[in-house]
There are 2 protein chains.
Amino acid sequence: MSARVKDEKTRPPVSREAVVAAALRQFAERGYRVTTMADIGAALGVRGPSLYKHVTSKQELLADIVFTTMRTLIAAQHRAVEAGGPAAVRLRRAVEAHVRYHATHREQAFVGNRELDSLTEPTRSQILDLRRTYEHGIRAVIEDGCASGEFPATDARLVSFAILDMGMGVATWFRAEGEHDIDSLAYSYADMALRMVGLDTRGRES
Amino acid sequence: MSARVKDEKTRPPVSREAVVAAALRQFAERGYRVTTMADIGAALGVRGPSLYKHVTSKQELLADIVFTTMRTLIAAQHRAVEAGGPAAVRLRRAVEAHVRYHATHREQAFVGNRELDSLTEPTRSQILDLRRTYEHGIRAVIEDGCASGEFPATDARLVSFAILDMGMGVATWFRAEGEHDIDSLAYSYADMALRMVGLDTRGRES
DNA sequence: CCTACCGATCGGTAGG
DNA sequence: CCTACCGATCGGTAGG
């Protein structure tokens with residue numbers, strides 16, 4: 001009945017990464033503001049104040065999580081797009097990367113979206129900038145496809161929002177134990193995205 | 001420099017609806033937990049404790065907002081679907097209603113999504129039930145279209161999630177002053193939804 | 001509708 | 001990594 005969740009003798013050493021991981025889990029399941037430093041410590045078998053040996057503030061924990069999330073998403077999108085090829089191929093790869101991240105890093109994506117307003121300045125503005133960069137990345141592919149005539153004319157901004165939003169939604173309902181495996185999920189979402197820009201995916205394309 | 005925002009003499013009478021409206025605005029812009037009863041009162045020109053003449057708790061304010069939101073959405077979906085007709089027509093009307101609500105009631109939709117975990121039981125479970133009902137409503141239309149052969153075979157559950165998620169996203173970025181008017185926005189989203197179930201919207205359908 | 005206030009919570013620091 | 005604790009916040013009640 002101690003406040004410690006784990007026995008001192010068997011407790012693994014506390015590291016910054018362990019603190020961030022415990023914070024992530026609790027921020028995702030119960031929210032940033034409701035989670036206390038004591039809660040995070042308890043998950044690691046220590047008291048709240050002990051965490052300050054590894055991090056400087058609770059806010060820093062949240063900032064770490066959302067920065068890592070956005071940098072990872074942007075890097076994945078960059079890899080998806082850089083190889084070039086037809087716009088349809090680049091769009092498929094970018095959407096698959098987007099969906100794959102939101103399915104495999106549900107907690108990060110969820111926290112990054114829901115706790116945006118829990119960030120203090122200037123972190124919040126920096127994150128919003130990264131999100132804009134990310135949105136512009138997928139929009140550019142759509143605009144390419146429109147400009148080359150590959151995609152029927154569409155409102156690239158609207159479609160990019162719709163594609164990103166539906167992919168972000170995956171983080172809210174996807175469960176690894178569920179009926180969908182991640183590969184077919186990513187493929188299906190990319191299919192939907194290609195249809196949204198006007199392509200018939202039952203035919204020849206990628 | 002008083003804590004009151006409005007002068008006592010010109011302040012309109014405080015009503016329950018006024019309290020809910022003020023709470024909605026602040027829950028949307030700053031979050032449920034950060035908003036204090038004193039904040040809500042200040043927006044109406046009164047002190048925090050005075051609000052308890054009109055509401056019984058802060059939690060009740062949130063519950064009022066999310067229940068109204070879900071009931072309104074479900075009623076709008078019901079109206080969109082009840083007239084019958086081809087599945088493509090029903091799907092278009094349901095998506096248009098969905099998008100229209102999220103564009104015109106941004107704050108309600110935003111709070112209803114972000115603050116789900118700020119609800120205490122049993123309210124939270126009741127709201128989750130209403131959300132399931134809503135999702136099943138649009139999924140049923142898609143399944144109808146698949147069963148009748150009107151839509152090419154698609155995973156109805158997946159597509160219904162994607163369509164609802166992209167519509168909910170509208171609440172996060174839409175601004176009435178922006179470049180899109182609500183009618184064309186709703187139309188475009190319904191177009192995308194029809195494409196997602198495999199229809200070619202450049203042709204004959206609705 | 002007000003002031004005064006209770007009770008509880010929590011991030012972070014002091015000082016081992 | 002701990003206990004003790006400070007300072008501040010806030011929902012809700014008492015009693016006008």
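Labels below follow one simple rule: chain letters A, B, ... track the order of the sequence lines, proteins then strands, and each chain is numbered from 1. This is a predicted model, so every value here is computed, not measured.
Distance R33(A) CZ to dC10(D) P: 10 Å, rounded to the nearest Å. The nearest whole Å value for the distance from the CG atom in L51(B) to the P atom in dT13(D) is 13 Å. Distance, Y52(B) OH to dG16(D) C1': 19 Å, rounded to whole Å. Computed from coordinates, the L44(B) CG to dC1(C) P distance equals 9 Å when rounded to whole Å. Counting to the nearest Å, the C1' atom of dG11(D) and the CD atom of E60(B) are 14 Å from each other. Rounded to whole Å, the distance from CD on Q26(A) to C1' on dC10(C) is 15 Å. The distance between atom CZ of R47(B) and atom P of dG11(D), rounded to the nearest whole Å, is 15 Å. To the nearest angstrom, P of dC10(D) lies 17 Å from CD of Q59(B).
Under the Watson-Crick or G-U wobble criterion, with both distances below 3.5 Å, dT3(D) is paired with dA14(C). Pair assignment for dA8(C) gives dT9(D), based on Watson-Crick or G-U wobble hydrogen-bonding distances that are each under 3.5 Å.
The 5' end of DNA chain C is approached more closely, in terms of each residue's nearest nucleotide, by G48(B) than by the other of M37(A) and G48(B). The 5' end of DNA chain C is approached more closely, in terms of each residue's nearest nucleotide, by P49(B) than by the other of K53(A) and P49(B).
Side chain to side chain, H105(B) and R100(B) fail the donor-acceptor criterion of an N or O pair below 3.5 Å. H98(A) and Y189(A) share no side-chain donor-acceptor pair at under 3.5 Å. Side-chain contact of S188(A) with D191(A): a donor-acceptor pair under 3.5 Å is absent, judged by distance alone.
Residue contacts shown for T35(B) are limited to sugar-phosphate atoms, with no base heavy atom under 4.0 Å away.
The aromatic rings of Y32(A) and F27(A) stand perpendicular to each other, their planes meeting at an angle above 60°, with 30° marking the opposite boundary.
The shortest distance between the side-chain N/O atoms of K58(B) and the OP1/OP2 oxygens of dG11(D) is below 4.0 Å. An OP1 or OP2 oxygen of dC10(D) is reached within less than 4.0 angstrom by no side-chain nitrogen or oxygen of T36(B).
Annotation: side chain of D117(A) is not in contact with side chain of L119(A) (no heavy-atom distance under 4.5 Å).
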